[in-house]
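Data first, discussion second: the structure below is written as structure tokens.
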Amino acid sequence: MKKILIIFAVFSIVILATSLLTGCYVSAKVANKSGAQLWGENCNRCHNAPAPGELNNDNWDIVGTHMQIRANLTKTDVEKITDFLKSANN
Amino acid sequence: MRQIIPAIVLLLLSCVSAQAQDSVNVAVAKASPGSNKFAVYGNAEASYISNSAAKGFGEINFKPIFLWRISPRLFIEAEMEIETGGGSADLGLEYANMCYTVNPYLTLHAGRFLPKFGAYRGRLAEGFINRFSSNPTGFGDGGIGASVETGVGALGALPFGDIKILYDCYVVNGPHLLTDTLNAGQFDYEAYTANNNSLAVGGRIAIVPLAASNLELGFSFQHKAKTGDAGTENENVSLDMQAVDLNWYQNISALQSTLRITGELRHQKTGANAAYLAADGVTKYLFANSPRAWYLSGSLRPALVDNTFFRNLEFAYRYSNYKRPVNAPWGGAAVTSNEFAVDYWLHWNSLIKLAYQSKSDEPKTFYASVVFGF
């Protein structure tokens with residue numbers, strides 16, 4: 001068991017070290033993805049992605065935060081996706 | 001040492017996130033007239049079950065989820081569960097979890113929550129995500145693995161190039177060892193309170209290795225040094241649990257379909273110092289207690305065809321295997337289960353499921369169920 005905790009701690013240190021050196025960053029390929037593309041990719045992983053127009057803008061913000069927590073999504077992805085989902089309401 | 005590891009991990013992770021750009025908007029977004037911070041979602045499920053022993057409409061579940069986005073930083077999720085499987089309407093607090101977003105890479109939370117232990121419980125098991133009407137053997141009632149916990153945790157996602165690392169770690173009350181004649185050596189994985197002075201630590205590290213975010217691989221663990229009730233002779237019995245999980249989907253244009261593969265393996269080991277009282281009330285006995293359960297499931301949905309009827313159909317198969325402790329009162333030979341399902345989607349989160357289950361310790365069963373997500 002100790003071994004697992006140690007692996008976990010070492011893993012955290014590796015993450016820390018990597019991010020100190022480079023910072024959390026996304027590749028240009030990922031950074032250039034549109035909200036629509038990120039929605040199609042991320043929101044389909046666990047369930048069918050809900051379509052734009054399904055909810056009002058406030059509720060997309062609520063759901064976005066819920067999914068960020070429940071599904072460990074990155075904040076940048078969630079923001080781009082909710083902007084895309086809201087665009088159908090405007 | 002063990003006790004401080006979660007603290008170290010938390011500290012490290014907050015350093016990571018502190019030095020990363022903090023872009024959480026501190027100012028509370030100005031609410032427009034008529035805007036709301038509160039929403040209710042959830043799902044309802046009804047099923048019909050038929051086998052050689054019984055026929056009839058089974059339990060009805062109604063699970064409303066209450067969500068408040070109090071501010072961009074403060075969020076609360078709570079789920080109530082009303083189930084009728086026990087013969088009466090049972091009301092349960094599935095979770096009530098208060099979350100504080102420290103920065104884009106770190107959220108702290110406290111309350112009763114679904115720990116990220118594997119990917120089935122709390123995620124893929126949800127009625128509108130599970131393609132079957134039942135759980136894989138070993139993953140539902142009478143199974144193993146962390147289920148609902150009360151405590152505190154930290155979670156987030158860290159992007160590195162094309163890859164994302166997802167992490168969760170938590171300190172919670174943890175499972176309670178059961179010692180009654182029928183369940184000796186099993187655990188209560190959903191206890192509301194603590195049963196001694198030891199806490200469980202656990203976590204999950206997952207990787208989303210592909211830029212298309214269509215694959216997630218996770219490793220989870222949980223450790224509790226003392227699981228027996230305080231003051232009893234089994235107080236110092238430990239429990240170690242691990243899980244690995246897989247979730248992958250891919251559009252296959254040749255088949256005009258979406259293929260989904262999910263799977264999980266769970267293992268746990270109970271300390272060898274346990275001693276249980278046999279039914280005669282005098283004899284003590286113990287047994288090797290390291291159960292294991294796994295499942296692998298695949299489904300195909302012709303989601304890319306033009307015909308609406310076919311587009312909403314999905315075909316699924318799942319194999320599951322539960323290796324129980326041979327000498328436990330709840331143990332015996334390994335249970336295996338083969339399940340086939342044909343689902344029809346009515347909406348992105350609502351479907352009808354027709355499933356056939358062939359399980360080694362039960363009569364062959366046909367299920368028909370309907371789940372509405374709302």
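Here is the naming used below: chain letters follow the sequence lines, and residue numbers restart at 1 for every chain.
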Part of [X] lying under 4.5 Å from any heavy atom of chain A:
| X | result |
| --- | --- |
| B:L215 | backbone |
| B:D168 | both |
| B:K116 | side chain |
| B:N214 | backbone |
| B:W345 | side chain |

May I ask you to name which of [options] has the most heavy-atom pairs under 4.5 Å with chain B?
| options | result |
| --- | --- |
| A:Q68, A:K33, A:Q37 | A:K33 |
| A:I69, A:V30, A:N42 | A:I69 |
| A:L73, A:T76, A:D61 | A:D61 |

Flag, side chain of [X] to backbone of [Y], donor-acceptor distance under 3.5 Å:
| X | Y | answer |
| --- | --- | --- |
| B:R301 | B:R311 | yes |
| B:E264 | B:A119 | yes |
| B:R204 | B:Y167 | no |

Salt bridge (Lys or Arg N to Asp or Glu O under 4.0 Å) involving A:K80 - partner list, sequence neighbours excluded: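 Scan of A:K80 (salt bridge (Lys or Arg N to Asp or Glu O under 4.0 Å), adjacent residues dropped) gives none.
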Heavy-atom contacts under 4.5 Å, residues 82-90 of chain A to chain B: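 Within residues 82-90 of chain A, no residue comes under 4.5 Å from chain B.
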Is chain B contacted by the side chain of [X], its backbone, both, or neither, given a heavy-atom distance below 4.5 Å?
| X | result |
| --- | --- |
| A:N57 | neither |
| A:V63 | side chain |
| A:A28 | neither |
| A:N56 | side chain |

Taking the six-membered ring for Trp, are B:F128 and A:H47 parallel (under 30°), tilted (30 to 60°) or perpendicular (over 60°)?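 Correct class here is tilted.
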What is the distance from atom [atom1] of [X] to atom [atom2] of [Y], rounded to the nearest 0.5 Å?
| X | Y | atom1 | atom2 | answer |
| --- | --- | --- | --- | --- |
| B:H109 | B:E77 | NE2 | CD | 8.5 Å |
| B:S213 | B:D162 | OG | CG | 9.5 Å |
| B:R123 | A:R45 | CZ | CZ | 7.5 Å |
| B:Q242 | B:Q222 | CD | CD | 10.5 Å |
| B:L246 | B:L217 | CG | CG | 6.0 Å |

Once side-chain hydrogen bond (donor to acceptor under 3.5 Å, both in side chains) is applied, do any residues pair with B:S299, and if so which ones, sequence neighbours excluded?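 Only B:E314 meet the side-chain hydrogen bond (donor to acceptor under 3.5 Å, both in side chains) criterion with B:S299.
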For B:H347, give me all partners under side-chain hydrogen bond (donor to acceptor under 3.5 Å, both in side chains), at least two apart in sequence or on another chain.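 Here the qualifying residues are A:E54.
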Just so I understand: if I count every heavy-atom pair under 4.5 Å between each of B:T262, B:I129, B:L67 and chain A, which residue has the most?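 Among B:T262, B:I129, B:L67, the one with the most close pairs to chain A is B:L67.
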Considering only heavy atoms and a distance below 4.5 Å, find which of B:Y249, B:W348, B:F113, B:F38 pairs most often with chain A.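 The candidate making the most pairs under 4.5 Å is B:W348.
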Given A:N59 and B:N36, is the side-chain hydrogen bond (donor to acceptor under 3.5 Å, both in side chains) satisfied, shown in steps? CA-CA 8 Å; A:N59 286 9; B:N36 62 289; 3.0 Å; yes
